[in-house]
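Contents: one structure, followed by commentary.
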Number of protein chains: 2
Amino acid sequence: MNEQIQALCNDHNIKFTTARSLILEVLKAASHPLSYEQIKEKMHASMDKATFYRNIALFEEAGIVHKFESDDRKWYFELTGTTHAHFICEQCRQITCMEVDLGKIEGEVKSIVLKGLCKECHK
Amino acid sequence: MNEQIQALCNDHNIKFTTARSLILEVLKAASHPLSYEQIKEKMHASMDKATFYRNIALFEEAGIVHKFESDDRKWYFELTGTTHAHFICEQCRQITCMEVDLGKIEGEVKSIVLKGLCKECHK
DNA sequence: AAAATTTATGCAACTTAGTCGCAAAGGATC
DNA sequence: GATCCTTTGCGACTAAGTTGCATAAATTTT
C-alpha cells in the first residue's frame, strides 16, 4: 500500500514525506472526491492546512491529483485516473462518480460535473 | 425590454424594483454566465453587494436564475432556460455554452459543467 | 559526522467572495 | 399623514484557502 504511494511520488519527482503519504493514502482509499475537511477527518494525524494545501498544489502540478469546486465554496480532490463524471446532489450533497459518453467535443475535456437531484432525492 | 423583465417578476410574485431590474437586464443581455463582478461592471449604476446577492437568492428560489461555481471560488449566474452545458476553459477562463447529449441518467440533472482546455487553448 | 544548504512543516496573520444584523429609505395601506 | 412592510446600503463578520516567516527535518558538502 505504502509502496504504491511511494512509487507514485518517485515517478513524479516528489519527495516522499509523512504529510504527503498521509494525504495520498486517504485519497487512494476514497471512492469519490473529498474536501480538505473530509480528508483531515480520515487522516488520524494532525496536519496544518497550509501543509495540506501546499502539498495538494504540488500533486496537482505533477498531475497526480485533480480538484474541482462543488457548489459549497470548497475544493474537492481526487487522484487522477480514468476521466469520469461527477454527479453532485444539490440536496444531500453526495458526490458520486459515473461514466458518461459525451460524443465528440472540440478541445480537451478534463472533468465533467453534473448537478441536480440524485436518484434518492428525486423521488 | 423592460416590460419582459417586469413580466418575469410578476409571473413569479416578485416585486419589480430598480435593483432587480438592473440585475435582470444584464443577465438577459448576456450570452453566458456572469459573476457578480462582471454583472456589476455592466450595470452602469452602483449597487451594494448585499442587495445584489439577496436579490439573486430571491431569483434562484423563484427559479428565474441558476448559479454555479467555476473553479475560481466565484459564483456565476445566468437566467434559467434551456438546460445546457457549460464549458469552462482552465486556461483562458472563458465560459461557453453548449448542447450535450448525456443519454439516460437516473435522478434529475439541472446543470452540466465541463472543464478542460477550449478549442483555442488546446492547440 | 559536524557544518552548511536545501526543503518541508507549522503557526499566525492575511485575503476575499459572499453573508448577516441593523438602521434608514421607499412604497403600500388605512 | 401615520403605520406597516419590504427593500436597500453600510459595516461588521465568516470561513476556505493563501502567504510570510521561523523552526524542523533532510540532504549535501567539507
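Each chain gets a letter, A, B and so on, in the order its sequence line appears, and its residues count up from 1.
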>> Taking the minimum atom-to-atom distance to the side chain of Tyr36(B), which one of dA16(D), dG18(C), dC22(C) wins?
In response: dG18(C)

> If each of Glu37(A) and Asp48(A) is mapped to the nucleotide of DNA chain D with the nearest heavy atom, which maps nearer the 5' terminus, i.e. the 5' end?
Replying inline: Glu37(A)

> How close do Lys15(B) and Arg20(B) get, heavy atom to heavy atom, and via which atoms?
Replying inline: O-NH1, 2.9 Å

>> Using the side chain to side chain contact (heavy atoms under 4.5 Å, CB included) definition, which of the options Leu24(B), Leu8(B), Ile5(B) pairs with Phe16(B)?
In response: Ile5(B)

> What is the distance, rounded to the nearest whole Å, between atom CE of Met43(A) and atom C1' of dT9(C)?
Replying inline: 13 Å

>> I need the NZ-C1' distance between Lys49(B) and dC10(D), as an integer number of Å.
In response: 11 Å

> dT6(D) P sits how many Å from Asn55(B) CG, rounded?
Replying inline: 14 Å

> What is the distance, rounded to the nearest whole Å, between atom NZ of Lys74(A) and atom P of dA15(D)?
Replying inline: 10 Å

>> Rounding to an integer number of Å, can you tell me how far Phe16(A) CZ sits from dA26(D) P?
In response: 12 Å

> Which whole-number value in Å describes the distance from Ile14(A) CD1 to dT27(D) C1'?
Replying inline: 18 Å

>> Side-chain N or O of Arg20(B) versus OP1/OP2 of dT7(D): is the shortest distance under 4.0 Å?
In response: yes

>> Any base atoms under 4.0 Å from Lys15(B), or only sugar-phosphate, or nothing? Heavy atoms, all strands.
In response: sugar-phosphate

> Is Lys74(A) paired with Glu69(A) through a side-chain N to carboxylate O contact shorter than 4.0 Å?
Replying inline: no

> Touch check for Ala19(B), heavy atoms < 4.0 angstrom, all strands: base, sugar-phosphate only, or nothing?
Replying inline: sugar-phosphate

> Reckon Thr51(B) touches a base, only the sugar-phosphate, or nothing at all at heavy-atom distances under 4.0 Å?
Replying inline: base

> So which heavy atom on Tyr36(A) is nearest to which on Asp48(A), and how close?
Replying inline: OH-C, 4.5 Å

>> Whether Ser35(A) contacts dA16(D) is assessed here as follows: a side-chain N or O lying under 4.0 Å from the phosphate OP1 or OP2. Is that the case?
In response: no

>> Under the criterion side-chain contact (heavy atoms from CB on, under 4.5 Å), I'd like the reasoning laid out for Asp71(A) against Trp75(B): C-alpha separation, chi angles, the key distance, then a yes or no.
In response: CA-CA 9 Å; Asp71(A) 261 352; Trp75(B) 289 105; 3.4 Å; yes

> Hey, which of these two, Thr17(A) or Thr18(B), hits DNA chain C nearer its 5' end, going by closest nucleotide?
Replying inline: Thr17(A)

>> Nearest to the side chain of Tyr53(A), heavy atoms from C-beta on, is which of dT19(C), dA16(D), dC11(C)?
In response: dA16(D)

> Between the axis at one end of the helix from dA1(C)-dT30(D) to dC30(C)-dG1(D) and the axis at the other (five pairs apiece), what's the angle to 10 degrees?
Replying inline: 10°

>> For a quick check of understanding: with a heavy-atom distance under 4.0 Å over all strands, which category does Arg54(B) fall into, base, sugar-phosphate or nothing?
In response: base

Give every donor-acceptor pair under 3.5 Å between a side-chain atom in residues 37-46 of chain A and any protein atom, sequence neighbours left out.
unit_1   : atom_1 : unit_2   : atom_2 : d
Gln38(A) : OE1    : Ser35(A) : N      : 2.8
Gln38(A) : OE1    : Ser35(A) : OG     : 3.4

> Looking at Ser70(A) and Arg93(A), what are the two nearest heavy atoms and their distance?
Replying inline: OG-NH1, 3.4 Å

>> I need the single residue from His86(B), His32(B), Lys67(B) that forms a side-chain hydrogen bond (donor to acceptor under 3.5 Å, both in side chains) with Glu78(B). Which is it?
In response: His86(B)

> Quick one: Leu34(B) CG to dA17(C) P, roughly how many Å, whole number?
Replying inline: 16 Å

> How long is the line joining CZ of Phe68(A) and P of dG17(D), in whole Å?
Replying inline: 12 Å

